[in-house]
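Every number for a ligand or one of its atoms is a count from 1 in the order of the listing. We use all heavy atoms of the structure for the numbers below, so side chains are in, but hydrogens, waters and symmetry mates are not.
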Amino acid sequence: MDTISPEKRSWTMAQVKGRDTKPELIVRGLLHRLGLRFRVQRKDLPGKPDIVLPKHKTVIFVHGCFWHRHPGCKRASTPADNAGYWQAKFARTVARDAAHQIALEQLGWRVLVVWECELRDMETLAQRLVDAFHALHRPAPPAA
Ligand SMILES: [Zn+2]
């Protein structure tokens, strides 16, 4: 006997598959709502940025706080077991991220990082993105 409605089941399956719950997809949805045009899958760029906004010459990385070591974030804890192993692994990831950022900036791209934990407060994140893109179009201050 099946007591789960089709609607409920499809919702459940979406949760199981993680569809629309991946941080990257949430950020894409937010950009879309903000009217910002973007592309994905630009594998030719250093670090394969998650989201690329060619018009704004900006790339966005959506980083997990744990793996990418969000500074000061409690999600960026270090497992007590094999701490040395983890620290070496984390150091490599952070160094790689930094190298990608420098390479992108040298190619003329602006790099934004959205941290996974920021998705808990979508209003603040939306405001941060609005500010980031609005600033690009603000006229330069008059020369003194
Ligand atoms: Zn974080």
**Q.** Environment of the Zn ion (ligand 1) in terms of protein N/O/S atoms, cut-off under 2.8 Å
**A.** Cys65 SG, His70 ND1, Cys73 SG, Cys117 SG

Q.
My understanding is that only residues two or more places apart in sequence, or in another chain, count here; which of them pass salt bridge (Lys or Arg N to Asp or Glu O under 4.0 Å) with Glu116?
A. none

Donor-acceptor pairs under 3.5 angstrom involving side-chain atoms of residues 75-82: please list them, not counting sequence neighbours.
unit_1: Thr78; atom_1: OG1; unit_2: Arg69; atom_2: NH2; d: 3.0

Q | Minimum side-chain heavy-atom gap Leu31-Ile60 below 4.5 Å | A | yes

(Q) For the backbone of Glu118 and the side chain of Arg128, can you confirm whether one donor and one acceptor N or O come within less than 3.5 Å of each other? (A) no

Q: Mind listing the closest non-hydrogen atom pair of Leu34 and Ala126 along with its distance?
A: CD1-O, 4.1 Å

Q: Apply ring pair (Phe, Tyr, Trp, His ring centres under 6.0 Å) to His63 and list each qualifying residue two or more places apart in sequence or on a separate chain.
A: Phe61, His68, Trp115

